[in-house]
Structures are given as C-alpha cells and as structure tokens.
There are 2 protein chains.
Amino acid sequence: MTNTTGQEIADALGTLLRRTTRARLYAHLTEGLGEALDELTYPVLSGLTRTGPCSAADLGRAVELDRTTVTRRADRLERAGLLRREPDPADGRATLLAVTDEGRELIQVTRQRLAARIERSLDAWPASDAEVFARCLRRFVEAGPFAED
Amino acid sequence: MTNTTGQEIADALGTLLRRTTRARLYAHLTEGLGEALDELTYPVLSGLTRTGPCSAADLGRAVELDRTTVTRRADRLERAGLLRREPDPADGRATLLAVTDEGRELIQVTRQRLAARIERSLDAWPASDAEVFARCLRRFVEAGPFAED
DNA sequence: GCAAAAGCGTGCGTCGCGCACGCTAAGCTG
DNA sequence: CAGCTTAGCGTGCGCGACGCACGCTTTTGC
C-alpha cells in the first residue's frame, strides 16, 4: 500500500536530517578552510553565490534569515576576505554583497568535498540505480512537499 | 559519468536541507499542538520515543545534544505533561526520562502529518517509482555518506 | 520641493547553550 | 566495613547569536 511508502520516506528523511544538521558535518566539510566559514556563515556565502550580488535584505529573504543577522554574518565573511561590500551604483542607499574569488573558491571546495563523499558511498551501487535515485531525489525536491510557498 | 550524479545528489540534498531546516516547517507540523512542542523540544521528545526510557545523558548522546541542554528542554516537556521523570529503580542517582501517553500521541500526530504531506506530493508519481525511490532513499541513508561514526 | 518610504548599520534586551560547581549515590579496594 | 573515587544530576554564570527598534541617509511619489 502507498501508506507505508510515505511513512518510510518520512522516517528516512528524519534520520537523514538528524544526521546532517549536526555541526560535525560542517566541521568536516570546512576543515582547514579558515575560522570564518562555519555552519552560521556558510549558508550566507553559499546563498550569495546562488543569488549573485544583491542587498542584505534580499539575501535575507532568499536564505530565510533576518536582515540584521545577514549583516553581522557578512561582517565576519568580509573580514576574512570571502565577501565584498560595494555601493550599489543604481541606488545610493543600498550596498551590494558580492562573493570574492577566494570565497567562491572555498564554496566550491566544500561542495566538491560533499559531492565526493556522496560519490564514494555510491560506488557500491549499480550505476543505473544511482542515476535513478538522483533523478527521483531531484524530482522529489523540486516539486515535492517542501517546495517554495 | 558518475561525477555529475554525485554533484546532482549533493545539490538536491542542499536545497532539501535548506528548506526543511526552516522553523516554518516545524511550525506547520506542530500547529495547534501546544506551545511546548517546537523545533527545540521536538528532537528530544522524538528521540526519547526511539530510545525508550533512559537517562538525560544517554538521550543526549543519542540526539547529539549536551546533557544540560536535554535537561532544560525536558523541563519544558515535563511541565507540558508530554514527558515524565521517574527515579531509576536500579540506580538511585539516575532519573529516567519517559514519554507520557499524551506525548506519544503528539509525536505520532506530527509524524503522521509529515507522512501525509509527503504522501500527497507522491500521488502524482507512478506507484512503482515512489516505491523505488523510498527503497533507494532508505539505502542511501542507512549505508550512505552520513552513517554513524 | 517636501513628506513618506526604503535601505542600512548598530545598541539593547532576550534566549539558548556549554562549562563548572556542588551535591548525592554507586562502585571499588584494602 | 570504611573511605575514596567515579558517575549522574540539576543549576548558576558567562558567552554568543538573534530580532526589534532606533537614527541616519537616500530614493520615490505626490
């Protein structure tokens, strides 16, 4: 019956979230990349690479964080040289947040580490299974129960 | 090539985690179930239903939380009648944490809500696809890159 | 042109967390 | 059996992050 399918997915998702939320995961992925990039600042920098240069308020809306929280985390990233503030040429009040080359490099490294980690655990799978899973997961995330409001 | 598969999964996982970590998800799942059950206390109560009655220290190890943090969150749950403290008959120092019937009921409701939400989004899928996905996800979580240390 | 609105940074109160302390009870050793 | 060490618990305290509100500047609209 389909009922058990939903519960099974919910259960698996639960344990997955439980394990991935741990600070230890971030610690492992950002190991040796400097003090500034931690579980708090990473979402900001990573989000900024997705949105491109934008204001703190816009970034806050994008990553579901308060405007002032983004500002303070951006402070730390700026001090570490991973993020740059520049006045918006189109709006005198606004200051744009932009990822520096060094910041982009670090984000790429962490993402590559995560991908490699997943990659390695998938080595035991038949290649076709892995591709099917990836496709299903993407579909589940895109149009799934946690899509944007 | 398998490289893109790993990156695709990593990317999908990223957006999934980003959306599920939001406090809004917890707010929706625990809506109308009282103030005591929120994103902080839920992991404790849910974890306790998994472990069964145990000490705060053991529960802390199980849910990767500091002992004292478990104690304080348990205080709130106890005041709400969702959790019960009872002296360990086998050890005079220890006090066991145990889920009350009411607490178990609430956990079941939230889990059912989550399952239903997933269920509904899976209605558009072919049933066989959903089952394959569930099986893959379980395998991925069990033996995957985030397994226990 | 001037008032209302939007954007930004910062001070401040609040809250959760981890550490350290004191206390009680169990275990171990001679 | 007596004393010392160890384990378990709750709590006080300092620290850090967060959200709100304030003041300031610039833009927008009438």
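Proteins come first, then strands; the chains are lettered A, B, ... in the order of their sequence lines, and each starts at number 1. Computed from a prediction, not measured in an experiment: that's the story for all the values here.
The side chain of Thr69(B) places an N or O atom within less than 4.0 Å of a non-bridging phosphate oxygen (OP1 or OP2) of dG18(C). The side chain of Arg85(A) contributes an N or O atom lying less than 4.0 Å from OP1 or OP2 of dG9(C). Between dG9(C) and Thr71(A), a contact under 4.0 Å exists linking OP1 or OP2 to a side-chain N or O.
Asp88(B) has its CG atom 9 Å from the P atom of dC9(D), to the nearest Å. Rounded to whole Å, the distance from CG on Leu65(B) to P on dC19(C) is 12 Å. Atom P of nucleotide dG22(C) and atom CZ of Arg67(B) are separated by 15 Å, given to the nearest angstrom. Distance CG (Leu96(B)) to P (dG10(D)): 11 Å, rounded to an integer number of Å.
Set against dC9(D), dA25(C), dG7(C), the side chain of Arg93(B) has dA25(C) as its closest nucleotide. Of the candidate nucleotides dA20(C), dG8(D), dT10(C), dT10(C) has the atom lying nearest to any side-chain atom of Arg72(A). The side chain of Asp66(B) approaches dG18(C) more closely than any other nucleotide in the set dG8(D), dA21(D), dG18(C).
Applying the 3.5 Å distance criterion, the base of dG16(D) shares no donor-acceptor pair with the side chain of Arg76(A).
Note on Leu40(A): only backbone sugar-phosphate atoms sit closer than 4.0 angstrom, heavy atoms only; bases stay farther off. Nucleic acid contact for Asp91(B): sugar-phosphate only, since backbone atoms but no base atoms lie under 4.0 Å from a heavy atom of the residue.
No donor-acceptor pair closer than 3.5 Å links the side chain of Ser55(A) to the backbone N or O of Ala94(A). Arg19(B) places a side-chain N or O within 3.5 Å of a backbone atom of Val141(A) that can act as its donor or acceptor partner.
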- Message: Run Trp125(B) and Arg139(A) through side chain to side chain contact (heavy atoms under 4.5 Å, CB included) and show every step you take.
- Response: CA-CA 10 Å; Trp125(B) 292 37; Arg139(A) 177 155 56 136; 3.6 Å; yes

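Annotation for Leu33(B): hydrophobic cluster partners, listed by chain and number, are Tyr26(B), Leu37(B), Tyr42(B), Val44(B), Leu45(B), Leu48(B), Leu59(B), Val63(B), Leu65(B), Val70(B), Leu77(B), Leu82(B), Leu83(B), Leu97(B), Val99(B), Leu106(B), Ile107(B), Val109(B) (ILVMFWY side-chain heavy atoms under 4.5 Å, direct or chained).
For the segment residues 54-61 of chain B, the set of residues with a heavy atom within less than 4.0 Å of an atom of DNA chain D comprises Ser55(B), Ala56(B), Ala57(B), in numerical order.
Between Thr95(A) and Asp38(B), the residue anchored nearer the 5' end of DNA chain C, judged by the nucleotide with its closest heavy atom, is Thr95(A).
Counting heavy atoms from C-beta outward, Asp11(A) and Arg111(B) have side chains that stay 4.5 Å or more apart.
The two residues Glu119(A) and Gly6(B) make their nearest non-hydrogen contact at OE1-CA, 3.0 Å.
In this model, no donor atom of one side chain and acceptor atom of the other lie less than 3.5 Å apart for Thr15(A) and Arg50(B).
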